[in-house]
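As structure tokens, the structure follows; a few thoughts come after it.
Chain identifiers are assigned alphabetically (A, B, ...) following the order of the sequence lines, protein sequences preceding nucleic acid strands; residue numbering begins at 1 within each chain.
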There are 2 protein chains.
Amino acid sequence: MEPAMIVLFGSTGDLTRRKLIPALYNLHRKGQLHACTPIVAVGRKPFTDGSFFEHLQTDDFLKNADQTELERFLKRIKYLHLDISSTDPASLKDAIEGLERQYSCGKNKLFYLALPPQIFGSIARLVKPLKGDDGWQRVVFEKPFGQDTSSAEELNKTISEVFQEDEVFRIDHYLGKASVQNILSFRFSNALFEKAWRKEDIERVEIVAAESVGVGTRAGYYDKTGAVLDMVQNHLLQLLSLVAMEPPSSLESDDIRDQTVKVIESLRLGSWRRAQYVAGSGKKGYREEDGVAPDSDTETYASLELFVDSPRWQGVPFILTTGKRMQARHAEIKVFFRRNGLYEHAKMNLLTIRLQPDEGIAFRFNARDPETGELDQVDMDFCHPCHFGPNTAEAYEALLAEVIRGSRTLFTRWDWLLASWKFIDGVVEEKPTLESYPAGKDGPEKR
Amino acid sequence: MEPAMIVLFGSTGDLTRRKLIPALYNLHRKGQLHACTPIVAVGRKPFTDGSFFEHLQTDDFLKNADQTELERFLKRIKYLHLDISSTDPASLKDAIEGLERQYSCGKNKLFYLALPPQIFGSIARLVKPLKGDDGWQRVVFEKPFGQDTSSAEELNKTISEVFQEDEVFRIDHYLGKASVQNILSFRFSNALFEKAWRKEDIERVEIVAAESVGVGTRAGYYDKTGAVLDMVQNHLLQLLSLVAMEPPSSLESDDIRDQTVKVIESLRLGSWRRAQYVAGSGKKGYREEDGVAPDSDTETYASLELFVDSPRWQGVPFILTTGKRMQARHAEIKVFFRRNGLYEHAKMNLLTIRLQPDEGIAFRFNARDPETGELDQVDMDFCHPCHFGPNTAEAYEALLAEVIRGSRTLFTRWDWLLASWKFIDGVVEEKPTLESYPAGKDGPEKR
């Protein structure tokens, strides 16, 4: 990969310690980080390099790393003690440019904003003077990308005052999963499925992301957000985009993203249900959780029936479902193929793309039971880790590598984001009555 | 199943002891044989019931059977000492009718001719007086169904003087395998594959039946026969019929067989290669085998490129390959799907139906290697015994059950047989120069 300085804002937070540093370490260990990839960790806690390294190593991951390799890796890291809210832009500029001279690694810079979006404005102000004509400057950050169309536009305005759209890498970590990255390859390199990927052959598509955990320590944030904003607007709509998109004119990032945007722009809401978990299976109800309002109307479960109004998908329902405190943690995409005529008892063929906890692809088909002579449903299965090995890259590892490579396929483009918010605004507006489901069950009763 | 008397001609031979009796025992054990299913074993060796049972039990299978159940099963069997060539038809009639009165099980009779076809004439003469209007009479026998069109017609004439076509059950034991019976179900109950089962989507089909054994003790017979008559005319053309047939108008036996006949009638030979194994891998060559002529021109390997001249299959090659002393024993059907455009390095999708030694279905597709980002070929697999259990019925068990049920799907109808001989006559006529391959290799060198 290219040389680049990685500047981590929010380097003393959880994301840095638990995801970013392990991902960077793995890239380092695999020899994928250029020798010229210094990591400048910016934080307002008064760490020295040494105490910052100790702080990083409170995470099990680095504790268990090879010590020689780890020492080499830590040499890349420089802790920069700095309070964003009060620092003068010139002093950050001086510090960074000083380090640049010291490392002699060129001018490429990757700014990672591991901080809440409220602070993005301050950072933009700090970073602006560092933008130059030499090398590239890229900015990486994660959701929430706003709460609705207008807050998203506002956030985007802040960022775009400093960065061009092609310098902005909005992370949806779902897109970094190996099995999610494979969706595109699977769809467009396997003729048998590619040809059948249309309303004439597919009856419906289900996309599920179920969590068994409750709201945990995020209650304060979650209670203002809910399942639709937390999961549907980003992860589930991204998956839907990949499943429903038209073939791109090439495999270039922007050709692919041109098509994913079109999916969102042609979305239509059929109906949706929202629900909240109540006590069950020995777990307390959502309203009993610390930090949740006792009369909270926030949904912890959402199931949306959507339609993609395109010639390919006319009339095919896409059912997107997500929830907390459901029976088991699992995420998968199920594609149900229409049945044909000769065998009266034939069931639909079903392709399942498993995203978590185990990654893989299965195809369910009808086979003759040799004892009874009747049809039975059986599965062909592909187990992703069995073939590619269990140590496939973590999502963040893949995503950081893509940023440094400058490949944008896995990142959310502004027009996609805007389209998704416009659609989600409509969904939220149509808010149906809140239902309930007991913790440990897969949502409210079927209707 | 219905009550019926099973009359086994050739009951002291290997087929009876090793295949038929174990199959009947299994049907008995599973409760699938009607209580009224006496088995009359006809033979010219002077066995008593007792010594015949002892003879049967020289086979490991019955030796290991549950003894209580076996005793119950043996009560069904009556040994009838009789020399077919010299017996007066009236005396067989008397004996059988005597047993019929004794068992009071009605008039249904299944005659199993476990004997070489040269003797069928004598048996027909014996059995003719037993044919009556009460109950059904069916006759079952196996290949060779002749050596060419005219000998097949002659044999059929002998049989048809006594039996109607719908009373004749010609066994191709390949059709009794669970995975072969599944071909029809697979093709016509799985819409995804059914729709792609045509020249627009399939590039070629390969059908392979490879044996690792040599000619063994059958040299005398085999040297007059060769791979085309021994394997292609029957087993491989049957598999081809199932793979290439049009959808039948129903699942009735004759609707299915109407379609398999059409496949054979529209066959066209592209080209073929024939070869004989020479010494290799520590095994002697074919011409060194006991019972083989030292200048034998008989092929032990054949590979035929065929075309089915129908709108569905125009231009799609079907490659049928079989041989002895090949690398490993395996039989399978491979369907290669045409590739599509977006990914330059995408390989063809491949459906493999495994028939032996392990039964199953696999689909090979392209997936993204998470480390390199390049496409890799991976498999989804369905393992037949893993799902349906290892004790699926042996081929003969399934076939005998079908005869008693009167279901004809798995049996070769005369018009199919005639069509296959007419086609094979043409193949044999075009005899290419004999090539060679070392024992243990998968045929002659590719050209």
statement: Hits for ring-ring contact (aromatic ring centres under 6.0 Å, His included) against Phe365(B), two or more places apart or cross-chain, chain-then-number order -> Phe186(A), Phe382(A)
- request: Under the ring-ring contact (aromatic ring centres under 6.0 Å, His included) rule, collect the residues that match up with His235(B), sequence neighbours excluded.
  value: His173(B), Tyr174(B)
query: Quick one: what part of Asp379(A) sits under 4.5 Å from any heavy atom of chain B, side chain, backbone, both or neither?
result: backbone
field: Segment of Ser179(A) engaging chain B (4.5 angstrom heavy-atom cut-off)
entry: neither
field: Donor-acceptor pair, side chain of Asn366(B) and main chain of Asn190(A), under 3.5 angstrom
entry: no
message: I'd like to verify something: which residue of Ala362(A), Ala367(A), Ala346(A) has the highest number of heavy-atom pairs under 4.5 Å with chain B?
response: Ala367(A)
message: Can you tell me which portion of Gln377(A) sits under 4.5 Å from chain B's heavy atoms? Options are side chain, backbone, both or neither.
response: backbone
query: Do you know which two heavy atoms are closest between Pro370(B) and Ala178(A), and how far apart they sit?
result: CB-CB, 3.9 Å
statement: So, the part of Gln181(A) with a heavy atom under 4.5 Å from chain B: the answer is both
query: Measuring heavy-atom distances to chain B, does Ala401(A) have an atom under 4.5 Å in its side chain, in its backbone, in both, or in neither?
result: neither
query: Does atom CZ of Arg187(B) have more than 12 heavy-atom neighbours from other groups under 6.0 Å away?
result: yes
- request: Count the heavy atoms belonging to other residues, nucleotides or ligands that lie under 6.0 Å from CD of Glu2(A), then report whether that count exceeds 12.
  value: yes
Residues 239-248 of chain A: residues contacting chain B (heavy atom under 4.5 Å, by number): Pro248(A)
message: Can you tell me which portion of Phe188(B) sits under 4.5 Å from chain A's heavy atoms? Options are side chain, backbone, both or neither.
response: both
query: Where do Phe388(B) and Asp376(A) come nearest, in terms of heavy atoms and distance?
result: CE2-OD2, 3.5 Å
message: For Ile361(A), which atoms come within 4.5 Å of any heavy atom of chain B: side chain, backbone, both, or neither?
response: both
task: Give a yes or no on this: more than 12 heavy atoms of other residues, nucleotides or ligands lie within 6.0 Å of atom CZ of Arg18(A).
output: no
query: Where is the tightest heavy-atom contact between Glu200(A) and Lys195(B), given as atom of each residue plus distance?
result: O-NZ, 3.4 Å
- prompt: If you look at every heavy atom in Asn349(A) and Ala191(B), which pair is closest and at what distance?
  reply: OD1-N, 3.3 Å
- request: Name the region of Gln32(A), side chain, backbone, both or neither, that has any atom closer than 4.5 Å to a heavy atom of chain B.
  value: side chain
query: For the residue pair His384(B) and Arg368(A), what are the closest heavy atoms and their distance?
result: NE2-O, 4.3 Å
- line: In this structure, CG of Asp381(A) is separated from SG of Cys383(B) (nearest 0.5 Å) by 12.0 Å
query: In chain order, what residues pass the ring-ring contact (aromatic ring centres under 6.0 Å, His included) check against Phe169(B), with sequence neighbours excluded?
result: Phe411(B)
Point-to-point distance, once rounded to the nearest 0.5 Å, from CD of Glu194(A) to CZ of Arg339(B): 10.5 Å
- prompt: Is there a side-chain contact between Leu251(A) and Leu342(B) (heavy atoms, below 4.5 Å)?
  reply: yes
Region of Glu374(A) in contact with chain B, defined by heavy-atom distances below 4.5 Å: neither
message: A side-chain contact here means heavy atoms from C-beta on lying under 4.5 Å apart; do Leu184(B) and Tyr343(A) qualify?
response: yes
message: Would Phe193(B) and Leu192(A) count as a side chain to side chain contact (heavy atoms under 4.5 Å, CB included) here? Give the steps.
response: CA-CA 8 Å; Phe193(B) 287 98; Leu192(A) 183 76; 3.4 Å; yes
